[in-house]
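Have a look at the structure below, then the notes.
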Protein chains: 2
Amino acid sequence: MGPRGSEVWHTMLDGAEAILREEGHAELTSRRIAERIGVKQRLVYYYFHTMDDLVVALFQRLSERELSRLNDALEAEHALREIWDTNVGSTDARLISEFMALANRIDALRAEVVHFIEAARAIEIEAIETALKRRAAKSETSAPALAIIASSVALTLTRERQLGVSLGHEEVLKMVERFFLTVED
Amino acid sequence: MGPRGSEVWHTMLDGAEAILREEGHAELTSRRIAERIGVKQRLVYYYFHTMDDLVVALFQRLSERELSRLNDALEAEHALREIWDTNVGSTDARLISEFMALANRIDALRAEVVHFIEAARAIEIEAIETALKRRAAKSETSAPALAIIASSVALTLTRERQLGVSLGHEEVLKMVERFFLTVED
DNA sequence: GTCTATACACCGATAGAC
DNA sequence: GTCTATCGGTGTATAGAC
């Protein structure tokens, strides 16, 4: 396995990520990656033993960045709102759906996905608990339940917006806004 | 295009659906379908001009069945609970994720997915409105918002259960149960 | 309606030179 | 570390016989 973390290594993952976002996993081949970043196909197999390894590494890199981002948000004043806005505003639903389909097939990727979901949820639960405590409001509300609801809805809104569906979106956004007003300023 | 709705036509879609559920779209090829149902590959192209056509037809068949099921549930006494239980209990999250990824690539499929989401949501909104009216409770609650929340959460719970994640599931199920007790006896 | 046979493209992966 | 060259396999799709 080639030097993990090297410049070329990152360049290859950059190319792979762009292909996955723009064209989907059917086009995510060693040849397309090499063509895109201007090297020969053989080199991809120098840095990643198999294409599955490359996909797992790509998800790991993305997962680490996202978890780091979530941890940073935890320090912000309005952590909840920041997490929500980012999830709804800059999540790439297509990228996620491609990874989900790939995880059905690649065991190592599925393990990474599970780890990410659990780690992200733990952070989000913490953000919600902090917000609820600060307002000392509705202590009977379950933070884990809210965490699942919020992340589920955020993903759905993003996916549907990208598909071109908007039925009910306005109403749910209003409801979320009302919730924020009760727990954060 | 071969006889749509004929016996062989359905057999082919049955095989395709099984492959998609069990092995994913990477294995959904004309050769594998033919092998699985015991015909020659050429025949697949007699009934479906292209593999994309087959995928679209498969989703349409599934979509029609699901919408019909939802409409039937609307007639039941506890429509909401029935819809919820089916969504959480017998939805195949893997099948959905495979279709989602395919929809990123196949325009005609994306159009079918959009139609399904909108039709299903309309039915679910109706079920929620009926339940809310019957109890004359919380008339300020938005049915479209609840519809999005419920379907989002149901899909997440199903997907995560199949992945092996359970963090927060118990809490959200309790919350749903409490909601049912307030609108449906 | 179902078959045999095949054209053609592209894939993952490896051998081995420089 | 990057390359040329290549192998074996599989995919979509079509020509055309029966």
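Below, each value reflects all heavy atoms present in this structure, side chains not excepted, and no hydrogens, waters or symmetry copies. Letters A, B, ... are given to chains in the order of the sequence lines, protein chains preceding strands, and every chain is numbered from 1.
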A:Asp52 side, atom CG; A:Leu109 side, atom CG - distance, nearest 0.5 Å | 8.5 Å
Phosphate OP1/OP2 of C:dG1: any B:Tyr46 side-chain N/O under 4.0 Å | yes
I'd like a list of close polar pairs between nucleotides 9-13 of chain C and the protein, N/O only, cut-off under 3.5 Å.
from   : atom 1 : to      : atom 2 : distance (Å)
C:dC11 : OP1    : A:Thr29 : OG1    : 3.1
C:dG12 : OP2    : A:Ser30 : N      : 3.2
C:dG12 : OP2    : A:Ser30 : OG     : 3.0
C:dG12 : N7     : A:Arg31 : NH1    : 2.9
C:dG12 : O6     : A:Arg31 : NH2    : 3.1
C:dA13 : OP2    : A:Met51 : N      : 3.1
C:dA13 : N7     : A:Gln41 : NE2    : 3.4
C:dA13 : N6     : A:Gln41 : OE1    : 2.9

Kindly indicate whether the side chain of A:Thr156, heavy atoms from C-beta on, has any atom under 4.5 Å from the side chain of A:Val153.
-> no
If a pair satisfies salt bridge (Lys or Arg N to Asp or Glu O under 4.0 Å) and one of its residues is in residues 11-24 of chain A, list it, with sequence neighbours excluded.
-> A:Asp14-A:Arg61, A:Glu17-A:Arg21, A:Glu17-A:Arg61, A:Arg21-A:Asp92, A:Glu22-A:Arg36, A:Glu23-A:Arg32, A:Glu23-A:Arg36
Does A:Leu80 reach the side chain of A:Phe179, with side-chain heavy atoms less than 4.5 Å apart?
-> yes
When rounded to the nearest 0.5 angstrom, what distance separates CD in B:Glu66 from OG1 in B:Thr86?
-> 8.0 Å
In whole angstrom, what separates A:Met12's CE from D:dG1's P?
-> 11 Å
Atom OG of A:Ser30 and atom CE of A:Met12: how far apart are they, to the nearest 0.5 Å?
-> 10.0 Å
Could you name each residue pair satisfying side chain to side chain donor-acceptor pair (under 3.5 Å) that touches residues 113-122 of chain A, not counting sequence neighbours?
-> A:Arg121-B:Glu160
Distance in angstrom units between A:Ile37 CD1 and D:dT2 C1', rounded = 12 Å
Please state how far atom CD1 in B:Ile19 lies from atom C1' in D:dG11, giving the value in whole angstrom units.
-> 14 Å
Name the pairs: protein N/O against N/O of nucleotides 15-18 of chain C, kept only if under 3.5 Å.
from   : atom 1 : to      : atom 2 : distance (Å)
C:dA15 : N6     : A:Arg42 : NE     : 3.0

Heavy-atom side-chain contact between A:Arg94 and A:Gln162 under 4.5 Å | yes
Assess whether side chain to side chain contact (heavy atoms under 4.5 Å, CB included) is satisfied between B:Tyr47 and B:Leu54, documenting all intermediate values.
-> CA-CA 8 Å; B:Tyr47 283 90; B:Leu54 182 147; over 6 Å; no
Please tell me if the side chains of A:Leu67 and A:Ser63 come closer than 4.5 Å, counting only heavy atoms from C-beta onward.
-> yes
Taking atom P of D:dG1 as reference, at what distance in whole Å does atom CH2 of A:Trp9 sit?
-> 15 Å
Just how far, in rounded Å, is P of D:dT12 from CD of B:Glu35?
-> 13 Å
Angle of first-five versus last-five pair axes in the helix from C:dG1-D:dC18 to C:dC18-D:dG1, to 10 degrees | 0°
Value in whole Å for how far the P atom of D:dT12 lies from NZ of B:Lys40 = 17 Å
Ring pair (Phe, Tyr, Trp, His ring centres under 6.0 Å) against B:His169, all qualifying residues, sequence neighbours excluded = none
